[in-house]
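Letters A, B, ... are given to chains in the order of the sequence lines, protein chains preceding strands, and every chain is numbered from 1.
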Amino acid sequence: MIITRFAPSPTGTLHIGGVRTALFNYIYAKQNNGKFLVRIEDTDQVRSKTEFEENIITGLHDMGLKPDADPVRQSERKHLYLDAAHRIIESGQGYYCNCSTERLEELRNAQMKAGKKPMYDGKCRDKGLEKSENTVLRLKTPNDGEVRFNDLVRGEVVFNNSELDDLILLRSNGTPTYHLCVVVDDADQGVTTVIRGEDHLSNTPRQMHIQQALELSALEYAHLPLVLGENKKRLSKRDSVTSLDEYISKGYLQTSMINMLGRLGWSKGDKEIFYIDDLLKDFRIQEVQKAGAVFDLKKLDWINTNHLANLSLEDFIIQLNPYLDELGIKTSNRQNAETIIENLRTTASTLSEIAIDLIPYFADIKEYDQKSVEKFIAGSKNILEYVLRQLEPLDQWTEQALDEVLAKCQKELDLKTPQLNQPIRVALVGSVKSPSLGLTLSLIGKELSLERIKKGLEMTF
RNA sequence: GUCCCGUUCGUCUAGAGGCCUAGGACACCGGGUUUUCAUCCCGGCAACAGGGGUUCGACUCCCCUACGGGAUGCCA
């Protein structure tokens, strides 16, 4: 059975690159009737925070990437790593080293100066030192030969052992390092396929050596190209929005994020809109691009517009509600709330912006667009007064009736449509953004419409 | 510095030696529909990093250079 895993370290919130890695792991597992696991790599006690761990777990949950077992924490499995380290010592494949960090530093500098690759020179390799307070445990890495593996996205990858040094397995304080933990955990959890970021590519041969020392079977690998920011550099908080929760709070749908991330670095014909089921059916990890891919916010907007449009009204409202709540908007005070939302649902590409556009229909206008006021209201006293007089006696406040009144006004005042409509529109919603005028009036209702027009009148001269 | 990986329109990509006058999508620009906005429709702009090979023929294969990224930690 195929078992994949997503192994984040809780040193920050879940970012979109991580979501993509998790997504691909999830898809690959599901496509093979396998399991998708989550492992929290929290061995860095200084930087790891439980709040980040929670953020990651809820983020995965929000994305619908449900693990097939409860997440495990490396901090709770130390005994496994120490056990493994012990076996490596016993089998003579590791050794204690007491080289000081100063010596290592000097060594590195000297090697770089000489134009060589910096690596540990194996000074303590055959000394047979005993464990003591200032010794680390190193792995005896083969000096020659090569490691090769077949990467699902890159094809065959080869590393010369001569490029690899004896890496540290146990720190002098006795704690295990990342490489040991990863290898031990993957084996313990029965992981068969490691799908991770390209930044781990050169870690792979090291980990394979640990596997060999532990007599573990080799794994299948897929190294994903990195998600890049607009500057073509690795996505960083400095220059772009990286955190999943920021996208969620801006009002991008879960399905849009999945679509965007799944389509990033991969394609299927001319298709652009994918839901998780489409990905499960068509995605092939072998088809993902080898080069890094820029995360394009404009494209995300477009994708979200499409996903929003595909929602039923009922689902749309369910998705929208939290954003309305966020603005303190109550839709319960209007019996035609659904109709309003139905007619305004395409005003923007994110739920948070749509919620903002809905303010005039459910609450007081927060602010009038000054330009529109100057352009359309300021000099329209006569128009507004006239329309107000025509509207006041109207009993049938329906779109059709309103359109008729409007048409009549236009004829009698001898105005072009926008000349009549725009001033009224701005008075009604505070900007030039609204559905057709008759509809807008009917949505807002008689009482409030008249009130707004009177208020508009106060802005004229 | 050294090692590894990568390089098609601004962006995501199609392209596995002749199908390429390099296709699609987003963005952008123009036009149309719409009383405004959004939607929608039509059209346009725009790329094989550079140089050498191999071949009758190269975006596709090989080499070099350039550029970008990653690794080089008692971080993960």
Please tell me which of the listed nucleotides, [options], lies nearest to the side chain of [X]?
X	options	answer
Val136(A)	rC74(B), rU36(B), rC4(B)	rC74(B)
Arg425(A)	rC12(B), rC75(B), rU36(B)	rU36(B)
Ser202(A)	rU7(B), rA71(B), rC75(B)	rA71(B)
Arg234(A)	rC75(B), rC26(B), rA71(B)	rA71(B)
Phe159(A)	rC12(B), rC4(B), rA76(B)	rC4(B)
Thr346(A)	rA38(B), rA76(B), rC12(B)	rA38(B)
Trp302(A)	rA71(B), rG24(B), rA25(B)	rA25(B)
Lys290(A)	rA76(B), rG6(B), rC12(B)	rG6(B)
Lys299(A)	rA76(B), rU36(B), rC12(B)	rC12(B)
Asp296(A)	rC5(B), rG10(B), rC74(B)	rG10(B)

Do the ring planes of Phe159(A) and Phe149(A) sit parallel (below 30°), tilted (30 to 60°) or perpendicular (above 60°)?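 Answer is parallel, since the angle falls under 30°.
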Taking atom [atom1] in both [N] and [M], what distance in whole Å separates the two?
N	M	atom1	result
rG53(B)	rA71(B)	C1'	32 Å
rG44(B)	rU7(B)	C1'	28 Å
rC26(B)	rA66(B)	C1'	29 Å
rA22(B)	rU60(B)	P	15 Å
rG15(B)	rU33(B)	C1'	36 Å
rA58(B)	rA49(B)	P	15 Å
rU65(B)	rU11(B)	C1'	27 Å
rG57(B)	rG1(B)	C1'	42 Å

For a quick check of understanding: with a heavy-atom distance under 4.0 Å over all strands, which category does [X] fall into, base, sugar-phosphate or nothing?
X	value
Ser9(A)	sugar-phosphate
Pro435(A)	base
Ser431(A)	nothing
Cys97(A)	nothing

Between [X] and [Y] (salt bridge meaning N to carboxylate O under 4.0 Å), is one present in this structure?
X	Y	value
Arg108(A)	Glu105(A)	yes
Asp199(A)	Arg234(A)	yes
Arg138(A)	Asp165(A)	no
Asp357(A)	Arg345(A)	no
Arg154(A)	Glu198(A)	yes

Establish whether the base of rC74(B) is bridged to the side chain of Ser172(A) by a donor-acceptor pair shorter than 3.5 Å.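 Result: at least one qualifying N/O pair found.
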Map Leu437(A) and Ser100(A) onto RNA chain B by nearest heavy atom, then report which one ends up closer to the 5' terminus.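 Residue closer to the 5' terminus by nearest nucleotide: Leu437(A).
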Where along residues 110-119 of chain A does a heavy atom fall under 4.0 Å from RNA chain B?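 Those residues are Met112(A), Gly115(A), Lys116(A), Lys117(A), Pro118(A).
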Measure the distance from CG on Leu107(A) to C1' on rG1(B) and round it to the nearest whole Å.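 In whole Å, rG1(B) C1' lies 15 Å from Leu107(A) CG.
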Quick one: which of Asn306(A), Asp278(A), Thr255(A) gives a side-chain contact (heavy atoms from CB on, under 4.5 Å) with Ile273(A)?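 The side-chain contact (heavy atoms from CB on, under 4.5 Å) with Ile273(A) is passed solely by Asn306(A) among Asn306(A), Asp278(A), Thr255(A).
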Go through the side-chain N and O atoms of Ser48(A) and Glu53(A) and say whether any donor and acceptor fall under 3.5 Å apart.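 Their side chains do not contain a donor-acceptor pair, so the 3.5 Å distance test is not met.
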